[in-house]
Amino acid sequence: MISRWKVILLVFLEVAALLSALVFSNPTWYYEQPRVVGLVAAGAVGHASAGDATQAASSRAPPAQGGVTYAVPASHAPAGDATRAASSRGPPAQGGAALAAPWLRTAPVPSAILIDRHLHKNGGSTFRHILLANERAGVCQYWGYWQTEEGWLKISRELDRALLGGAGPLPAKLPWLCIEAHSSATTSNFMSFVVPYVVRLRQALALRSVPTRVLLVTRVREPFAFYLSFYKWKVAGLQRAPNGAKVYGVGFLGWTPPNLQAWSMLNGNIDSIASSVRSSARAHAAQFGQRQMAVLERKLAHFDIVTPLEYFDEHLLMVADAIGLPHIGYQSVSPPQMGIPKTERLSDAQVCPNMTACRERVRQVAPWDFRLYEKARADFAAKLGSQDADFQRRLELFRDSRHAAAAREREQMPCCTRTGKCHNKRTGEWLLRPPSCVPGWSRLQELVIDDRGGTCCYGSLKPALNHTPAGR
């Protein structure tokens, strides 16, 4: 068990990382909608630069064939959405005027709960900004950067009460939630509580013909690229601190925790094994084996989309096809390397002068990370292979538009134009009412706002003036 003070310290570190990204990462709050700004490829597929949503060249070979997809069976989808749950194939949506861009096929569904399991260094920061852009536009209400156990309990009960509670009418404003479930100390219950709840909620919504689609997604990364990115982002700076070598090891080879991605995907709280080399959690991670992997794979079987990071664009288009998320344009987010001067940015060669030795070390300590990635890659190949020719055409439109999008003025986001503390959880006083354009009923809005610190319109931050994609 993690002590209360350790949890507080870990949460503090997470907040510090988020605030650092807000302050120092120039492109962070730039939204170009509905156009797309592409991410710059940096070396081979799977070796993304900081920003962690690097898209490989469109001419790259498809992933290896074979495997069973992680797609949720169509029977788990709400009535009317079974076809969309099984495949993204189908005719263009009727009423093209409702679509925000030519690569979109699906208009926003009446109600959706989009849950992104954000494991560090897997494109989650970029995905967050997409969610925030949709909140700004009034498409959804954002719930993140993490959730508390209390928050999940309260909001799951409120969803059950309002959507499944009996023969009465549904709320006039159905929920449209964009949830970033960050893998921090506060969301270590994700696989044990949230995923089973999602399974039950899907089934109950379908039985009652409630038009709310629940979409659960995540991304995984080539293991060596994952370790290298995490080390440069967080660990290298910690090792430079006083006594840093004693706590965090010496260099990349002195740090490498076991099964970092697979263990953290299953258990959350990645810092418990990724930070101190003396962490007791590392011993548990070293014992990660077939039994734990089987549990993780059973959990991932309930995810609608599990994508290798190098297929980030395909990932976004599949999300848009499933629920009609309209604003999927993005610009690479390059969080600062913690504890490293802003004038200095570590390169792969600086971290690993002997790249072969570093690769071999990761291969030795993270066999289950490779199993996770290889299975996800094979399964995604099958999912990608089930798409029709129109998907590829729209994907190419999506990619082609990213280069010119940065030069155009961003679209106006009419819903969330103000931000700040709006609700006092202790007294219940509203300091600033959420805009009427935010989806969902007032009690649900209030619970989400309280769990994210009492702030309304989290995404209505001033956009950066520098529109140059990170990595260039």
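Just so it is clear, the values below take in all heavy atoms, side chains as well, and ignore hydrogens, waters and symmetry mates. Computed from a predicted model, the values in this text were never measured in an experiment.
Separation of the Phe127 and His315 ring centroids falls under the 6.0 Å cut-off.
With sequence neighbours left out, Val194 forms a side-chain contact (heavy atoms from CB on, under 4.5 Å) with Trp152, Phe190, Val198. Checked against salt bridge (charged side-chain N to carboxylate O under 4.0 Å, His left out), Arg208 has no partners two or more places apart in sequence or in another chain. Take Lys299 and apply the salt bridge (charged side-chain N to carboxylate O under 4.0 Å, His left out) test, not counting sequence neighbours, and it matches no residue. By the side-chain hydrogen bond (donor to acceptor under 3.5 Å, both in side chains) test, His118 pairs with Glu180, sequence neighbours left out. By the side-chain hydrogen bond (donor to acceptor under 3.5 Å, both in side chains) test, Ser347 pairs with Gln350, sequence neighbours left out. Leu153 pairs by the side-chain contact (heavy atoms from CB on, under 4.5 Å) definition with Arg157, Phe193, not counting sequence neighbours. Under the rule for a side-chain contact (heavy atoms from CB on, under 4.5 Å), the partners of Pro439 that lie at least two apart in sequence or sit in another chain are Trp176. For Arg161, the side-chain hydrogen bond (donor to acceptor under 3.5 Å, both in side chains) partners two or more places apart in sequence, or in a different chain, are Glu158. Residues satisfying the side-chain hydrogen bond (donor to acceptor under 3.5 Å, both in side chains) test with Asp369, not counting sequence neighbours, are none. Partners of Pro175 by side-chain contact (heavy atoms from CB on, under 4.5 Å), not counting sequence neighbours, listed by chain and number: Ser111, Leu159, Leu163, Thr212, Trp441, Leu444.
Judged by distance alone, with hydrogens and angles left aside, the side-chain atoms of Thr106 form a donor-acceptor pair with the main-chain N or O of Asp321 at under 3.5 Å. A distance-only check finds a donor-acceptor pair linking the side chain of Asp388 to the backbone of Phe391 [under 3.5 Å]. Between the side chain of Trp368 and the backbone N or O of Phe288, at least one donor-acceptor pair lies under 3.5 Å. Between the side chain of Lys375 and the main chain of Phe370, no donor-acceptor pair closer than 3.5 Å is present. Under a 3.5 Å cut-off, the side chain of Asn134 and the backbone N or O of Val139 do not form any donor-acceptor pair. Using a distance-only test at 3.5 Å, with no hydrogens or angles considered, no donor-acceptor pair links the side chain of Tyr142 to the main chain of Arg128. The backbone N or O of Phe398 sits nowhere less than 3.5 Å from a side-chain atom of Ser401 that would complete a donor-acceptor pair. For the pair Lys383 (side chain) and Ala378 (backbone), a donor-acceptor distance under 3.5 Å is absent. At least one donor-acceptor pair closer than 3.5 Å links the side chain of Asp451 to the backbone N or O of Thr148. Within the 3.5 Å criterion, the main-chain N or O of Arg200 finds no donor-acceptor partner in the side chain of Gln203.
Cation-pi geometry between Arg363 and Phe224 is not satisfied (NZ or CZ under 6.0 Å from the ring centre, within 45° of the ring normal).
Shown here for Glu314 and Phe380, the closest heavy-atom pair between the two residues is CB-CZ, 3.9 Å. Nearest heavy atoms, Ala137 versus Cys415: C-CB, 3.7 Å. When all heavy atoms of Ala285 and Pro258 are compared, the closest pair comes out as CB-O, 3.6 Å.
Considering only heavy atoms from C-beta on, Leu384 comes within 4.5 Å of Met318 through its side chain. Residues Pro257 and Val365 fail the side-chain proximity criterion, which asks for heavy atoms closer than 4.5 Å. Residues Pro211 and Leu174 are in side-chain contact: their nearest non-hydrogen atoms beyond the backbone lie under 4.5 Å apart. Side-chain contact check for Pro326 versus Leu99: every heavy-atom pair is 4.5 Å or farther apart. Here the side chains of Leu325 and Leu104 are not in contact, with every heavy-atom distance at 4.5 Å or above. Between Ile270 and Trp263 the shortest side-chain heavy-atom distance does not fall below 4.5 Å. Here the side chains of Thr126 and Gln331 are not in contact, with every heavy-atom distance at 4.5 Å or above. The closest side-chain heavy-atom distance from Ile179 to Ile113 is below 4.5 Å.
Rounded to the nearest 0.5 angstrom, Trp233 CH2 and Met338 CE are separated by 6.0 Å. The CG atom of Leu216 sits 6.5 Å away from atom CG of Asp304, with the distance rounded to the nearest 0.5 Å. Taken from OG1 in Thr307 to CG in Leu316, the straight-line distance is 8.5 Å, to the nearest 0.5 Å. To the nearest 0.5 Å, atoms CZ (Arg298) and CE (Met293) are separated by 11.5 Å. Between the CG atom of Leu300 and the CG atom of Leu372 there is a distance of 6.5 Å, given to the nearest 0.5 Å. Rounding to the nearest 0.5 Å gives a distance of 9.0 Å between OG of Ser125 and NE2 of His120.
Remark: Asp450 does not engage Lys154 in a salt bridge, criterion side-chain N to carboxylate O under 4.0 Å. Salt-bridge formation is not detected for the pair Asp313/Arg394: no Lys NZ or Arg NE/NH1/NH2 atom is positioned less than 4.0 Å from an Asp or Glu carboxylate oxygen.
Counting only N and O atoms by type, the side chains of Gln261 and Asn122 include a donor and acceptor under 3.5 Å apart.
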One pair to check against side-chain contact (heavy atoms from CB on, under 4.5 Å): Ile328 and Val319. What are the steps and the verdict? CA-CA 9 Å; Ile328 58 172; Val319 170; 5.9 Å; no

Kindly determine whether Ser264 and Asn269 satisfy side-chain contact (heavy atoms from CB on, under 4.5 Å), including the steps that lead there. CA-CA 6 Å; Ser264 302; Asn269 194 14; over 6 Å; no

Could you walk me through whether Phe312 and Tyr330 pass the ring pair (Phe, Tyr, Trp, His ring centres under 6.0 Å) test, one step at a time? CA-CA 11 Å; Phe312 191 74; Tyr330 66 93; 5.2 Å; yes

Yes or no on side-chain contact (heavy atoms from CB on, under 4.5 Å) for Arg117 and Val195, after CA distance, side-chain angles and deciding distance? CA-CA 10 Å; Arg117 182 52 165 168; Val195 172; over 6 Å; no

For Val220 and Leu309, what are the C-alpha separation, side-chain angles and deciding distance, and is it a side-chain contact (heavy atoms from CB on, under 4.5 Å)? CA-CA 6 Å; Val220 298; Leu309 179 60; over 6 Å; no

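Between Glu310 and the options Arg221, Arg377, Arg219, a side chain to side chain donor-acceptor pair (under 3.5 Å) holds for only Arg377. When Leu260, Val306, Leu296 are each tested for a side chain to side chain contact (heavy atoms under 4.5 Å, CB included) with Met265, only one passes: Leu296.
Screening residues 435-448 for salt bridge (Lys or Arg N to Asp or Glu O under 4.0 Å), with sequence neighbours left out, gives Arg443-Glu446. Counting only residues at least two apart or in different chains, disulfide bond (SG atoms under 2.5 Å apart) contacts with residues 103-157 comprise Cys140-Cys178.
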